[in-house]
Protein chains: 2
Amino acid sequence: MFRKAKQNRIFQDVVEQIQEAIVSGKLKAGDQLPPERELKELFTISRGTLREALRVLEQKGLIEIRTGVAGGSIVKGVSTQQVSESLDLLIRYKKVSLQNLAEFRIGLEGDVAAHAAERATADDIARLRGLIAKAAAYLDKGREHWDSFIRTDEEIHLAIAETTHNPLFISVLATISHNIHTYYESYLPMEEPLLRENHQDIVNLVTAIESRRPDEARTIAQDHVRRFSAHMEQQGVR
Amino acid sequence: MFRKAKQNRIFQDVVEQIQEAIVSGKLKAGDQLPPERELKELFTISRGTLREALRVLEQKGLIEIRTGVAGGSIVKGVSTQQVSESLDLLIRYKKVSLQNLAEFRIGLEGDVAAHAAERATADDIARLRGLIAKAAAYLDKGREHWDSFIRTDEEIHLAIAETTHNPLFISVLATISHNIHTYYESYLPMEEPLLRENHQDIVNLVTAIESRRPDEARTIAQDHVRRFSAHMEQQGVR
DNA sequence: TCTATTGTAATGGTTAAACCATTACATATA
DNA sequence: TATATGTAATGGTTTAACCATTACAATAGA
């Protein structure tokens with residue numbers, strides 16, 4: 001029914017006030033908070049307590065703190081960074097396995113592909129085609145550019161998510177993608193046939209999106225995720 | 001290529017040392033850290049700096065801090081709590097709409113239902129049946145217990161997510177559910193037929209899960225979400 | 001006049017010592 | 001034996017001082 005009434009911790013109150021201002025839009029990304037010595041007067045608290053509050057806000061990714069003249073707390077706005085970081089911690093703590101990630105990602109990438117196919121504009125398609133060409137170029141340029149290929153691949157997945165115009169798909173996919181790519185780099189053998197297979201999947205996917213075939217797009221995306229997860233598992237990832 | 005080399009902040013070093021000890025298992029959930037006045041000696045830092053470090057660890061959900069004799073920092077281990085909280089912040093900040101949430105939830109609840117049907121144990125089913133009976137009782141007890149019905153309904157959705165045994169499904173669904181229920185309470189008319197319809201959906205869903213019919217479970221879950229989102233939209237939610 | 005150097009003041013980072021508020025546990029009392 | 005009370009441990013907060021870094025202005029040199 002009720003949660004335990006927490007003892008009032010002053011810094012917590014300060015955190016909530018500033019966070020609320022950011023979430024509600026009163027403070028926008030790029031805005032600068034007054035220096036600590038002024039803020040502490042505004043809240044009528046000591047500098048130490050204020051700094052604990054700023055530390056929490058910094059940890060949440062809501063502000064960035066710079067030293068020096070004209071330094072101070074700069075508002076950053078909410079980003080996927082924090083979701084990503086906490087998920088990363090979970091994975092390292094072995095609470096989330098590669099299978100868990102893959103299983104989740106199959107549904108997610110499928111939905112994203114299907115919705116993208118329903119909504120992609122000509123601009124979206126042009127952007128995707130551009131990224132595909134860029135990836136292909138890296139692939140042809142040889143081994144030392146394959147890192148760039150992988151990064152472009154991730155970029156394409158994100159671009160597809162963006163054509164859904166649903167911030168949830170975008171942020172969740174960004175988080176999962178980022179974490180999957182950590183595995184990618186460690187466990188996917190960097191061999192040309194595999195990268196070519198990867199690229200061909202993407203080409204097929206974008207073609208399906210362009211042709212407005214949601215079901216086909218979903219199937220291609222899900223197959224792709226399944227196949228590459230299997231590749232990684234063969235490399236001995238638990 | 002490289003990230004900017006951050007200036008060494010002492011509290012950051014302390015955070016990393018303690019976090020590493022937790023993630024690597026040297027510190028386990030339930031373990032108690034020495035009191036601040038001892039810790040500060042161990043790290044040879046001031047109490048203020050130590051407290052900034054503890055604040056960050058607390059914010060990350062890695063420790064819990066209690067006052068009083070025998071209080072102090074208790075290790076909590078890594079949990080999904082932080083993922084949920086940051087995702088929650090993201091939803092509030094990005095002003096994710098009911099449609100955005102519903103669209104995302106359709107795929108998610110479908111996947112969850114299907115995987116639950118594949119994996120549910122006898123215990124899982126018993127638990128779900130128990131919750132369903134509890135919900136039905138609240139429904140029969142009349143209007144003033146309908147709040148409890150709604151809360152039990154959310155509990156059932158979470159219990160289904162838990163039978164997937166995939167922490168990703170669990171924490172993401174928990175977050176989405178929590179946010180959807182904010183809308184629920186504001187926009188869903190509290191009328192008996194609607195609540196009965198809701199309950200019947202859940203009964204059907206659990207039956208499908210019990211009978212190991214993933215596809216049917218997926219369809220029921222998705223229909224349910226679609227129908228109730230439509231109900232809310234009729235109430236004029238953007 | 002333009003550029004490179006140097007100075008300086010603003011600002012976050014850290015330390016230290018003191019006192020307050022809460023609470024588990026021991027002790028005393030009915 | 002059970003309840004009330006005392007007490008010491010522990011986190012929460014304040015204050016004041018000093019250090020480290022840095023943007024910007026003043027200065028010097030070409």
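Just so it is clear: chains get the letters A, B, ... in the order the sequence lines come, proteins before strands, and each one is counted from 1. These numbers were taken from a predicted model, which means no experiment stands behind them.
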Q: Would you mind telling me which residue lines up with the more 5' stretch of DNA chain D, A:Ile10 or A:Val69, judged by nearest nucleotide?
A: A:Ile10
Q: Counting just side-chain N and O atoms, does A:Arg51 come under 4.0 Å of either OP1 or OP2 of C:dG13?
A: yes
Q: Taking only the side-chain nitrogens and oxygens of A:Arg55, find out if one of them lies under 4.0 Å from OP1 or OP2 of C:dG13.
A: yes
Q: Give every pair of a protein N or O atom and an N or O atom of nucleotides 16-19 of chain C that lie under 3.5 Å apart, one pair per line with the distance.
A:
{"residue": "C:dA18", "atom": "N6", "partner": "B:Arg47", "partner atom": "NH1", "Å": "3.4"}

Q: Going by ring-ring contact (aromatic ring centres under 6.0 Å, His included), name the residues that satisfy it together with A:Phe169, two or more places apart in sequence or in a different chain.
A: A:His115, B:Phe104
Q: What integer distance in Å separates B:Leu50:CG from C:dT15:P?
A: 10 Å
Q: Return the value, rounded to whole Å, for the distance between atom CD1 of B:Ile65 and atom P of C:dT22.
A: 17 Å
Q: Considering residues at least two apart in sequence or located in another chain, which fulfil the side chain to side chain contact (heavy atoms under 4.5 Å, CB included) criterion with B:Ala174?
A: B:Leu158
Q: Please answer whether the main-chain N or O of B:Asn100 pairs with a side-chain N or O of A:Asn166 as donor and acceptor at a distance below 3.5 Å.
A: yes
Q: Which of the following nucleotides, C:dG12, C:dT14, D:dG11, is nearest to the side chain of A:Glu36?
A: C:dG12
Q: With heavy-atom distances below 4.5 Å as the criterion, would you say the side chains of B:Arg129 and B:Val206 are in contact?
A: yes
Q: In whole Å, I'd like the distance from the CD atom of B:Glu64 to the C1' atom of D:dT10.
A: 15 Å
Q: What is the distance, to the nearest angstrom, from the CD atom on B:Gln12 to the P atom on C:dG13?
A: 11 Å
Q: If you count heavy atoms of other groups shown closer than 6.0 angstrom to CZ of A:Arg66, is the number above 12?
A: no
Q: Could you tell me the separation between the CG atom of B:Leu54 and the P atom of C:dT14, rounded to a whole number of Å?
A: 14 Å
Q: Extract from the structure each pairing of a protein N or O with an N or O of nucleotides 3-7 of chain D at less than 3.5 Å, listing the distance.
A:
none

Q: When rounded to the nearest 0.5 angstrom, what distance separates OG in A:Ser177 from CZ in A:Arg105?
A: 5.0 Å
Q: Just the rounded figure in Å: distance from P of D:dG11 to CZ of A:Phe11.
A: 13 Å
Q: Ignoring backbone atoms, test whether A:Thr49 places a side-chain nitrogen or oxygen under 4.0 Å from the OP1 or OP2 oxygen of D:dT14.
A: yes
Q: Determine whether A:Asn179 and A:Ser84 make a side-chain contact, defined as any pair of heavy atoms from C-beta on separated by less than 4.5 Å.
A: yes
Q: For A:Gln82, check side chain to side chain donor-acceptor pair (under 3.5 Å) against everything at least two apart and list the hits.
A: none
Q: Looking at residues at least two apart in the chain, or sitting in another chain, which of them share a ring-ring contact (aromatic ring centres under 6.0 Å, His included) with B:His181?
A: B:Tyr184
Q: To the nearest Å, how far apart are B:Gln32 CD and D:dG11 P?
A: 8 Å
Q: Without decimals, in angstroms, what is the distance between A:Asn8 CG and C:dT22 P?
A: 10 Å
